[in-house]
There are 2 protein chains.
Amino acid sequence: MPQNQTKYSYIAEEIRNRILNHQYPENQAIPSEVSLAKEFSCSRMTMKKALEVLVLEGLLYRKRGHGTFIIKSALRGEQLPIYNQEVSGFTKLLNGKNVQSEVIHFEVIFPDETVQAKLNITSETPIYDILRIRMVGDEPYVLEHTFMPVTLIPGMTQTVLENSVYRYIQEELGLRIASSYKQIRADKPSELDQKYLLCKAEDPIIEVEQTVYLNSGTAFEYSLSRHRYDKFVFKVINVVRG
Amino acid sequence: MPQNQTKYSYIAEEIRNRILNHQYPENQAIPSEVSLAKEFSCSRMTMKKALEVLVLEGLLYRKRGHGTFIIKSALRGEQLPIYNQEVSGFTKLLNGKNVQSEVIHFEVIFPDETVQAKLNITSETPIYDILRIRMVGDEPYVLEHTFMPVTLIPGMTQTVLENSVYRYIQEELGLRIASSYKQIRADKPSELDQKYLLCKAEDPIIEVEQTVYLNSGTAFEYSLSRHRYDKFVFKVINVVRG
DNA sequence: TAGTGGTCTAGACCACAGA
DNA sequence: CTGTGGTCTAGACCACTAC
């Protein structure tokens with residue numbers, strides 16, 4: 001048992017690995033709560049919490065009176081809980097690929113009414129106004145327009161923007177992200193979209209509007225990400241609770 | 001305390017109502033776990049579970065050492081957990097409005113390879129092949145192409161299709177929905193889209209591809225819903241766990 | 001030091017399914 | 001009947017914050 005980790009998340013990790021390594025047969029129930037609790041020397045409640053993590057990831061489902069089963073389609077790749085299970089930036093999502101960011105626009109301004117409402121700030125609160133194009137290899141993927149209060153995220157630089165803003169916020173500033181709210185819609189491409197995403201006037205755009213909150217309950221980012229329609233799919237897993 | 005409901009979900013409901021009715025000040029912590037547990041005569045664990053429900057709904061956030069706070073933006077309407085928190089059909093989402101469904105196509109066929117893979121069935125398993133246009137008032141909203149195994153959902157009729165398939169499945173057949181997997185993307189309109197959604201060739205389409213699973217772990221629905229871009233927004237709430 | 005939420009325990013009772 | 005998961009309890013200890 002490693003330090004600095006809760007028991008249930010350690011157990012969840014271990015069982016997740018077993019599932020992904022096919023150490024449990026796919027066509028029958030995995031061991032029961034009681035026997036797993038015995039194996040891991042924990043209480044039944046803790047084991048339940050560990051398994052709950054995997055249920056919410058879409059890897060397991062449980063049925064009273066029957067047992068706990070592996071969701072086979074989750075093993076086949078495809079439907080992995082990538083996009084909506086973690087609040088992370090673009091950089092993390094495309095881990096391993098050659099991701100670059102080009103800063104098109106970066107200044108400090110005062111917010112308009114929309115941004116004031118989204119970030120819950122007054123018109124006198126200075127914000128960063130950032131426009132970036134994100135590239136994978138040589139190809140443009142997404143045009144991101146981001147607004148963040150300067151006082152919350154001090155010391156933003158061109159270098160940070162070209163790398164990972166989220167890494168800076170979490171590792172350098174030590175802030176914790178608590179939640180995000182996204183709205184996804186389709187739109188026609190603007191001239192800006194066409195210019196930077198290299199798309200045609202008849203190509204749709206898929207837009208993700210996002211507000212991200214810190215642990216403290218304050219909104220720190222409002223952003224509009226406009227993606228090429230041929231290079232973006234948003235995945236959502238949904239588990240009925242109770 | 002009503003029958004037929006768990007204690008924690010009853011408590012969550014009660015506290016949710018208090019929040020929405022502004023019975024707790026927005027700018028300070030709501031009562032602590034311990035005091036709420038005393039008020040509702042429950043253990044601290046049960047109260048924690050009740051509050052956890054509201055955290056996952058995006059209504060509350062909690063901070064160790066500080067307390068439990070209301071997420072104000074959730075009260076302002078806008079960011080309500082409508083679309084992704086419940087696995088429900090179109091009928092329920094637009095509750096109260098005049099929703100109509102017109103069945104364009106309804107027959108039993110054998111699945112192609114894509115549908116076989118999505119529903120995890122063989123080419124000899126008969127399925128319903130359903131094409132419906134959903135209207136709100138006089139306006140077309142979404143064109144839904146749905147595939148369901150006949151053996152799982154027996155007795156499908158034109159009348160059911162014109163009303164709510166989900167209600168039929170849950171109330172008439174007594175089946176329980178466990179989870180769903182969605183992929184959201186933008187696309188150009190096909191001729192079918194243009195004909196039924198009354199959209200122009202340059203209007204984008206937003207497509208939701210969905211597989212829905214029953215309690216038993218079997219997939220019962222694979223569908224492609226194509227929405228008018230000016231009448232559909234997909235909302236996602238995301239809470240960091242741990 | 002006191003108060004908050006987070007984790008963990010050992011055990012109880014219940015609902016549901018299959019033999 | 002046994003075995004499964006779901007709920008609930010009463011209490012413990014810990015981590016974090018504020019005073």
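Computed from a predicted model, the values in this text were never measured in an experiment. Every chain is numbered from 1, with letters handed out A, B, ... down the list of sequences.
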Review point. Nearest-Å distance, CG (Leu36(B)) to C1' (dC8(D))?
Key: 17 Å

Review point. Whole-Å distance between dG6(D) P and Met47(A) CE?
Key: 14 Å

Check your understanding: Are more than 12 heavy atoms from other residues, nucleotides or ligands located less than 6.0 Å from atom CD of Gln158(A)?
Key -> yes

Revision key, fill the gap. Ranking dT9(C), dC8(D), dG6(D) by distance to the side chain of Glu33(A), first place goes to dG6(D)

Practice item. Give Ser35(A) one of three labels, base, sugar-phosphate or nothing, depending on what nucleic acid heavy atoms sit under 4.0 Å from its own. Key: nothing

Check your understanding: To the nearest angstrom, how far is Tyr10(B) atom OH from dT7(D) atom P?
Key -> 18 Å

Exercise for review: Send over the distance from Ile11(A) CD1 to dT7(C) C1', rounded to a whole Å.
Suggested key: 12 Å

Check your understanding: Using 30° and 60° as the class limits, which term best fits the ring planes of Phe69(B) and Tyr61(B): parallel, tilted or perpendicular?
Key -> parallel

Exercise for review: Could you check which of dG5(D), dG6(C), dA10(C) has an atom nearest any side-chain atom of Thr68(A)?
Suggested key: dG5(D)

Review point. Under 6.0 Å from the CD atom of Glu113(A), do we count more than 12 heavy atoms belonging to anything else shown?
Key: no

Check your understanding: Under 3.5 Å, is there a donor-acceptor pair linking the side chains of Ser101(A) and Arg134(A)?
Key -> yes

Review point. For residues Thr68(A) and Arg62(A), is any side-chain donor paired with an opposing acceptor at under 3.5 Å?
Key: yes

Exercise for review: Measure from the side-chain heavy atoms of Thr46(A) and tell me the nearest of dT7(D), dG6(D), dT9(C).
Suggested key: dT9(C)

**Study point:** Distance test, side-chain N/O of Ser32(B) to OP1/OP2 of dT4(C), below 4.0 Å
**Key:** yes

Review point. Cut-off 3.5 Å, side chains only: do Gln116(B) and Tyr222(B) have a donor facing an acceptor?
Key: no

Review point. Between Lys48(B) and dC8(D), does any side-chain N or O lie under 4.0 Å from OP1 or OP2?
Key: no

Review point. Within this structure, what is the CD1-to-P distance between Ile30(A) and dG3(D), rounded to whole angstrom?
Key: 18 Å

Check your understanding: Side chains of Gln5(A) and Glu13(A): donor-acceptor distance under 3.5 Å anywhere?
Key -> yes

Review point. Of all the choices, dG6(D), dT7(D), dT9(D), which nucleotide is nearest to the side chain of Lys7(B) once you look at every atom?
Key: dT9(D)

Review point. In whole Å, what is the span from the CG atom of Leu51(B) to the P atom of dC8(D)?
Key: 14 Å

Practice item. Determine: side-chain N/O of Tyr8(A) to OP1/OP2 of dC8(C), distance under 4.0 Å, yes or no. Key: no

Point to revise | Rounded distance in Å - CZ (Arg62(A)) to P (dT7(D)) | key: 10 Å

**Study point:** Euclidean distance, atom CG of residue Leu60(A) to atom P of dT4(D) [Å, nearest integer]
**Key:** 16 Å

Exercise for review: Can you check each nucleotide of nucleotides 11-19 of chain D against protein heavy atoms at under 4.0 Å and return B for base, S for sugar-phosphate only, - for none, in 5' to 3' order?
Suggested key: BB--BBSS-

**Study point:** Sugar-phosphate, base or nothing in reach of Ser9(A), heavy atoms under 4.0 Å
**Key:** nothing

